Amino acid sequence: MNPEIQQKLELFISCRDLANMDIFSKSDPYVVLQIQKNKKWYDFGKTEIIQDNLNPNFTKTFIIDYFFECQQPLKFIVNDDDGKGQFDFIGSVETTLGRIAGSRDQVLIIDLTKGSKKTGSLIVKAEQVRLINQKIKMQIYGEQLSNTRFLPWETTCPFFRLFRESQDNNQNLQIYESEQINNCLNPKWRSLNISFQKFCNGNLGKSLRIEVLDYRSQGNHLLIGITQFSVEEINNNKECKKQLFDKNNNFVGYVIFKEFKILDPPTFIDYLESGTQINLIAAIDFTGSNGSPNSSNSLHYIDNQYGKLNQYQQALLSVGEILLNYSYDKKVPIYGFGCKPNLKKLKSSQTLHCFPLNGNPQDPEVLGIEGIMQTYNYALKNVQFDGPTYFNPILQEVIKIAELSQDMAKDSYYVLFILTDGVIHDMTQTINSIVASSHLPLSIIIVGVGDANFDNMNILDDDNGNLKDSKGNRSYRDLVQFVPFNEFKDNPELLAKNVLQELPEQIVEYMQLIEKQPQFKKQNQLQTQTNYNLNYISDSKIQQLNQQNTDLMNSQENSYLANFPQTNQSL
């Protein structure tokens with residue numbers, strides 16, 4: 001019998017006295033948490049990056065299933081971010097979840113080391129998680145804040161941090177940090193959406209603290225003021241106004257809580273039941289760094305002798321089959337980039353960074369997983385690999401599709417599935433497009449094929465919503481998931497799980513962002529009211545429906561194959 005999950009633990013991470021890896025400034029640390037399975041280490045998640053700080057408190061927490069009867073080894077790796085995917089290793093430490101849970105007050109303080117040298121301390125605080133589905137939404141304002149700047153042409157740039165008391169009431173645990181509002185003494189920060197569990201762990205009387213600070217680019221932020229509050233206090237008032245006091249107990253302004261709501265968010269299944277479709281869009285990298293497809297060392301090599309699928313085929317198959325379950329018509333636009341196509345209906349002597357892989361700009365769709373695999377196989381023999389690797393043209397094309405769907409109020413959500421082998425050469429433009437599309441019905445899944453350096457992909461995969469464009473605008477939500485193929489190349493099921501695990505939450509988060517609630521069909525409501533039961537459908541009716549669906553799929557597939565006689569060949 002498999003052991004039952006006894007409970008979940010939430011891990012809060014901080015560091016003290018980190019070794020400084022920079023010469024002219026302080027390190028920009030972040031922490032990577034790894035878990036061990038079958039004696040191998042796998043990334044579980046990572047914290048946000050905190051600029052210029054050797055004593056960081058991270059707001060990103062990790063929730064882990066806790067088994068009393070298991071060791072559950074953990075590794076914490078602390079790095080100094082150098083930008084553009086580069087970093088310096090500060091130190092690491094291995095421990096177990098049981099050791100953290102068994103420490104006094106569930107606080108483990110342990111040395112970080114780099115080789116034999118101590119490079120700081122890691123502090124891990126564990127809190128039991130109350131399984132609560134509700135979310136908290138509210139608007140927070142500042143009013144009449146003190147100006148902490150001395151120069152007459154400068155004004156305070158305020159942001160705030162939220163803390164909740166630990167279960168033993170002897171610590172304040174940071175749970176949120178807002179964006180800064182430049183040159184403003186009466187700021188209105190972005191609407192706060194946070195899980196009820198993380199906000200107060202289900203305790204309405206829990207004491208919380210808000211700190212308002214003046215942002216400084218070097219990381220030495222200046223505290224403006226502090227106040228305490230509880231969920232009960234702000235929940236019972238349409239507007240709750242609290243005085244802020246500095247460290248000398250001087251009045252320094254107000255913080256105002258408005259529009260406080262405790263919500264029962266709809267689930268992913270709720271949106272599926274109300275008609276939301278997931279539409280897959282695929283994009284494949286044909287740049288020269290993949291190697292010639294005629295070479296057995298190429299990432300695009302087709303093994304006709306033994307029938308072994310290459311990494312691109314494996315990823316397309318394992319992920320595509322799952323996503324197509326949620327598409328009604330099974331049609332998939334598929335694009336190529338980084339090469340010169342010589343297709344039947346599309347030829348170019350110039351390198352194209354976004355073109356329909358079936359050669360039809362008016363209709364880039366293919367039918368089902370068979371159409372995807374056949375079109376890939378056909379195109380592979382009719383493109384000239386080149387470069388460099390640009391993502392932005394593909395993103396711009398998909399953004400147009402998502403914008404049109406949003407304007408037409410369709411119940412459609414798009415998943416751009418990019419398979420690539422290399423480093424992005426238009427990183428700034430790519431980030432700008434991702435941030436600009438964070439309000440659209442779109443998720444971006446990237447699978448890194450081969451052994452290239454994929455650090456830039458991890459920057460795009462921003463679980464904390466801190467991705468900023470070149471103008472400083474922050475993404476509304478996390479919409480990118482990156483997975484390196486090599487970590488799961490021997491397990492296609494685990495690959496698909498890791499690629500797709502964030503997607504349901506991203507869809508719900510988008511729906512909540514645009515304040516769209518599931519609208520269940522009247523037919524379903526009528527069926528519920530009349531106790532309609534599927535058992536009342538006769539066997540002959542079921543056979544009729546199945547035959548209609550089979551005829552439709554056959555007609556669509558025959559139409560597709562008629563347009564591409566070259567693709568009707570085995571892999």
Side-chain angles (χ1 to χ4, degrees), residues 10-36 40-62 64 72-97 99-100 103-126 159 161 163 166 171-175 177 180 211 213-223 453-459 461-464 466-468:
E10 183 175 18
L11 304 184
F12 293 79
I13 313 296
S14 59
C15 299
R16 292 295 177 268
D17 303 321
L18 294 179
N20 193 9
M21 310 303 292
D22 296 335
I23 298 176
F24 300 107
S25 63
K26 296 178 182 177
S27 295
D28 306 321
Y30 65 95
V31 178
V32 177
L33 171 61
Q34 294 185 336
I35 59 175
Q36 191 179 81
K40 293 183 178 180
W41 290 105
Y42 297 94
D43 285 355
F44 184 85
K46 67 176 182 178
T47 68
E48 72 276 19
I49 299 167
I50 296 184
Q51 302 290 331
D52 297 297
N53 199 320
L54 302 181
N55 299 281
N57 294 315
F58 299 98
T59 60
K60 168 68 176 178
T61 59
F62 305 104
I64 301 182
Q72 295 183 259
L74 305 176
K75 180 188 289 187
F76 296 88
I77 302 170
V78 183
N79 294 325
D80 170 28
D81 179 67
D82 290 335
K84 297 183 179 180
Q86 303 300 310
F87 63 88
D88 294 319
F89 172 66
I90 295 178
S92 65
V93 63
E94 295 182 21
T95 185
T96 66
L97 190 58
R99 183 179 176 188
I100 298 170
S103 299
R104 184 182 297 275
D105 297 326
Q106 289 69 59
V107 179
L108 177 65
I109 303 175
I110 191 168
D111 289 343
L112 292 163
T113 58
K114 182 178 182 180
S116 59
K117 182 180 179 181
K118 178 183 175 181
T119 53
S121 299
L122 181 81
I123 304 170
V124 186
K125 166 67 177 174
F159 71 100
R161 290 171 175 163
F163 300 82
S166 61
Q171 291 186 66
N172 285 301
L173 307 173
Q174 185 172 329
I175 57 174
E177 180 174 303
Q180 81 269 12
E211 294 182 356
L213 304 99
D214 179 15
Y215 178 84
R216 304 296 172 90
S217 59
Q218 297 302 315
N220 54 335
H221 311 302
L222 184 65
L223 178 67
N453 185 333
F454 292 116
D455 289 334
N456 276 349
M457 306 300 182
N458 290 315
I459 294 175
D461 185 356
D462 173 43
D463 291 331
N464 305 302
N466 292 320
L467 191 67
K468 294 181 180 179

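Since we're looking at a predicted model, the values are computed, not measured.
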For residues 17-25, run the donor-acceptor check on the side chains, cut-off 3.5 Å, and write out each pair with its distance to 0.1 Å, sequence neighbours left out.
residue : atom : partner : partner atom : Å
N20     : OD1  : D22     : N            : 3.3
N20     : OD1  : S27     : N            : 3.0
N20     : OD1  : S27     : OG           : 3.1
N20     : ND2  : D22     : O            : 3.4
N20     : ND2  : S25     : O            : 3.2

List the atom of [X], the atom of [Y], and the distance in Å for their closest heavy-atom pair.
X: F62; Y: K60; answer: CE2-CE, 4.1 Å
X: F89; Y: K114; answer: O-NZ, 3.4 Å
X: D43; Y: Q34; answer: OD1-NE2, 2.8 Å
X: L112; Y: F76; answer: CD2-O, 4.4 Å
X: L11; Y: I64; answer: CD1-CD1, 3.8 Å
X: F58; Y: C15; answer: CE1-SG, 4.1 Å

Problem - Check against side-chain contact (heavy atoms from CB on, under 4.5 Å), L33 and L74 - result: CA-CA 7 Å; L33 171 61; L74 305 176; 4.1 Å; yes
Any side-chain heavy-atom pair from [X] and [Y] closer than 4.5 angstrom?
X: I123; Y: I13; result: no
X: H221; Y: R161; result: yes
X: D88; Y: D82; result: yes

Between [atom1] on residue [X] and [atom2] on residue [Y], distance to nearest 0.5 Å:
X: L97; Y: T95; atom1: CG; atom2: OG1; result: 8.5 Å
X: I35; Y: T96; atom1: CD1; atom2: OG1; result: 13.5 Å
X: L173; Y: F163; atom1: CG; atom2: CZ; result: 9.5 Å
X: I110; Y: I100; atom1: CD1; atom2: CD1; result: 8.5 Å
X: I77; Y: L122; atom1: CD1; atom2: CG; result: 11.5 Å
X: Q51; Y: K26; atom1: CD; atom2: NZ; result: 13.0 Å

Handout entry: side-chain contact (heavy atoms from CB on, under 4.5 Å) assessment of K46 paired with N79
Key = CA-CA 10 Å; K46 67 176 182 178; N79 294 325; over 6 Å; no
Handout entry: Exam field: side chain T61 to backbone E10, donor-acceptor pair closer than 3.5 Å
Key =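 No, T61 side chain to E10 backbone: no donor-acceptor pair under 3.5 Å.
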Handout entry: Donor-acceptor pair, side chain of D28 and main chain of D80, under 3.5 angstrom
Key =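 No, the answer is negative, given that no donor and acceptor are paired below the 3.5 Å cut-off.
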Problem - Sole candidate of Q174, E48, E177 that passes side-chain hydrogen bond (donor to acceptor under 3.5 Å, both in side chains) when paired with T59 - result: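 Among Q174, E48, E177, the one meeting side-chain hydrogen bond (donor to acceptor under 3.5 Å, both in side chains) with T59 is E48.
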Problem - Row check, F12 ring normal vs K125 NZ/CZ: under 6.0 Å, within 45° - result: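 Not satisfied by the 6.0 Å and 45° rule.
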Exercise for the section: Sequence neighbours left out, what passes salt bridge (charged side-chain N to carboxylate O under 4.0 Å, His left out) with R216? Give chain and number order. Expected result: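 Here the qualifying residues are D214.
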